[in-house]
Amino acid sequence: MAVCVSGSHTIFMNRSNLKTVAVLIREKKMGVQYDLKQGQSRNFHELPSGLSMEVIVQKGAEINKNVEYPPLVFVHGSYHAAWCWAEHWLPFFSSSGYDCYAVSLLGQGESDAPVDSVAGTLQTHARDVADFICRNIRSPPVLVGHSFGGLIIQYYISNLGNDNLKEDLFPKLKGAALVCSVPPSGNSGIVWRYILSKPITAFKVTRSLAAKAFQTSLPLCKETFFSATMEDHVVKRYQELMKVSSRMPMFDLRKLNASLPVPSVPNCPFEILVLGAKDDFIVDVEGLKETAKFYGVSPVCVEAVAHDIMLDVAWERGAEVILSWLNGLEK
């Protein structure tokens, strides 16, 4: 069953014939609403648990009918949701021919929340993304993950080819782009490096993220996620959206770190792009290099861009790197 939204109405459809079978009112989860851009739609994917995940969709423009453009599925990080991709990157990549799907993980954005103290685990989040792909995407997609979303994608990748799992649990991929991603060992190494070499930065990062001070301090929000040149009114808008994007923690960090590192994937059958930001306040250069080494690739570090590379003032720089990489994939 597929679900789409029109205004305040949620329309449940049978995927086989797309006939409307019921119309209900769906309560909005976010206190601050994100207005979709032209060509975007907000859908809801029902998981096996009965909970629904928000998906913002923007179909690709028809450019070259002789070229098969792989679908792109975007996975956000902590304190974000599908909207963070819809702002700039969905219009950018859809205009280049790619069908784009940005999901909000459970407990984030407009998605339903489980009855628990946290939204899920690395395993459950990856499985939810896999379920969405399995039931909605017809050809192998490229996964694009930011920050902790990148770590979720790494777990997804580690399950491909696992003989202990049914083949259809984790559908095959065309590729994966890990953007300012938490490395495969987690964020504990980054935290300790900051404590030992940059204690002031360590304090700021802990205060901003763990204590959620970025929600009330505009300067700290800007320093954590954006470049210094971003205008305050833009930072304020994103700050308000981030405040309401995460109704519960994405993970229990202690349990998460105990389950890491993610298993290695010898002879990965598709290409992986590891992309970082030179001015990233959260993921340091060593973390970027760790991820790239884990997958046997060279990292790409974008100059003059901060952690929220898809929202920052120079968001085009990271998008163009990914587009160039996508054009190099065998189509």
Side-chain angles (χ1 to χ4, degrees), residues 76-80 84 108 117-119 121-122 125 145-155 178-230 232 235-236 238-239 241-243 245-246 248-262 274-294 299-314 318:
H76 64 84
S78 297
Y79 304 118
H80 292 65
C84 73
Q108 323 296 307
S117 58
V118 296
T121 66
L122 200 59
H125 287 312
H146 177 252
S147 200
F148 266 115
L151 188 62
I152 291 169
I153 290 177
Q154 292 178 56
Y155 182 81
L178 307 175
V179 182
C180 298
S181 176
V182 173
S185 64
N187 63 354
S188 57
I190 298 173
V191 172
W192 279 109
R193 282 194 295 272
Y194 279 174
I195 290 174
L196 295 175
S197 63
K198 302 177 182 178
I200 295 177
T201 301
F203 172 76
K204 285 185 176 181
V205 170
T206 301
R207 179 169 173 262
S208 180
L209 299 178
K212 301 182 182 180
F214 78 88
Q215 296 183 349
T216 55
S217 170
L218 194 67
L220 189 56
C221 183
K222 178 185 286 191
E223 188 173 10
T224 303
F225 297 106
F226 307 109
S227 294
T229 54
M230 180 170 275
D232 284 352
V235 176
K236 180 67 174 176
Y238 294 150
Q239 181 189 44
L241 285 165
M242 285 189 279
K243 281 181 185 179
S245 288
S246 183
M248 59 196 314
M250 280 176 57
F251 306 103
D252 179 323
L253 289 180
R254 290 184 180 180
K255 291 181 179 179
L256 172 66
N257 288 325
S259 68
L260 296 173
V262 296
V274 176
L275 181 66
K278 182 71 173 180
D279 298 333
D280 197 328
F281 192 69
I282 298 174
V283 179
D284 60 5
V285 174
E286 289 78 8
L288 177 66
K289 291 179 178 178
E290 177 192 331
T291 304
K293 182 178 180 181
F294 188 81
V300 178
C301 194
V302 183
E303 296 285 338
V305 182
H307 183 70
D308 269 19
I309 190 170
M310 65 288 190
L311 292 171
D312 208 16
V313 286

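Treat the numbers as computed from the prediction; the structure is a model and nothing was measured.
- The shortest side-chain heavy-atom distance between Val313 and Phe226 does not fall under the 4.5 Å cut-off.
- Of the inter-residue distances, the one linking Ser181 atom OG with Asn187 atom CG reads 11.0 Å to the nearest 0.5 angstrom.
- The minimum heavy-atom distance linking Val235 with Cys221 is given by the pair CG1-SG, 4.1 Å.
- Applying the salt bridge (Lys or Arg N to Asp or Glu O under 4.0 Å) test to residues at least two apart or on different chains, the pairs with a partner in residues 197-211 are Lys204-Glu223.
- Pairs engaging residues 189-220 under the ring-ring contact (aromatic ring centres under 6.0 Å, His included) rule: Tyr79-Phe214, Phe214-Phe225 [sequence neighbours left out].
- Side chains of Met250 and Ile152 form a contact here, defined as non-hydrogen atoms less than 4.5 Å apart.
- Of all non-hydrogen atoms in Pro199 and Ser197, the two that sit nearest each other are CD-C, 3.6 Å.
- Side-chain contact between Asp308 and Tyr238 is absent, with no heavy atoms from C-beta onward closer than 4.5 Å.
- Residue Leu218 holds its CG atom at 5.0 Å from CG of Asp232, rounded to the nearest 0.5 Å.
- Formation of a donor-acceptor pair under 3.5 Å by the Lys222 side chain with backbone atoms of Met230 is found in this model.
- Within a 6.0 Å sphere centred on CD1 of Ile200, heavy atoms belonging to other residues, nucleotides or ligands number 12 at most.
- A centroid separation of 6.0 Å or more is found between the aromatic rings of His125 and Tyr155.
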Query raised in the report: How far apart are the C-alpha atoms of Cys301 and Leu288, what are their side-chain angles, what is the distance that settles it, and do they pass the side-chain contact (heavy atoms from CB on, under 4.5 Å) test?
Result: CA-CA 8 Å; Cys301 194; Leu288 177 66; 4.1 Å; yes
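- Taking 4.5 Å as the limit, every side-chain heavy atom of Thr121 sits out of range of all side-chain heavy atoms of Lys255.
- Rounding to the nearest 0.5 angstrom, the gap separating the NE2 atom in His146 from the CG atom in Leu311 is 8.0 Å.
- At a threshold of 4.5 Å between non-hydrogen side-chain atoms, the residues Pro183 and Ile190 count as touching.
- Panel note: side chain Asp312, backbone Val305; no donor-acceptor pair is recorded below 3.5 Å.
- Rounding to the nearest 0.5 angstrom, the gap separating the OG atom in Ser188 from the CG atom in Asn257 is 5.0 Å.
- In terms of heavy-atom proximity, Met248 sits nearest to Ser117 at CE-C, 3.8 Å.
- Pairs engaging residues 276-291 under the side-chain hydrogen bond (donor to acceptor under 3.5 Å, both in side chains) rule: Ser185-Glu290, Arg193-Asp284, Asp280-His307 [sequence neighbours left out].
- With hydrogens and angles ignored, the 3.5 Å screen pairs no side-chain donor or acceptor of His80 with any backbone N or O of Cys84.
- Looking only at side-chain heavy atoms (C-beta outward), Phe294 and Val274 stay at 4.5 Å or farther from each other.
- Here the CG atom belonging to Leu209 is positioned 5.5 Å from the OG1 atom belonging to Thr224, to the nearest 0.5 angstrom.
- To the nearest 0.5 Å, atom CG of residue Leu220 and atom CZ of residue Phe281 are 7.0 Å apart.
- Using modelled atom types, one finds no donor on one side chain facing an acceptor on the other under 3.5 Å when comparing Ser245 with Gln108.
- In terms of heavy atoms, Ser227 sits closest to Ala306 at N-CB, 3.6 Å.
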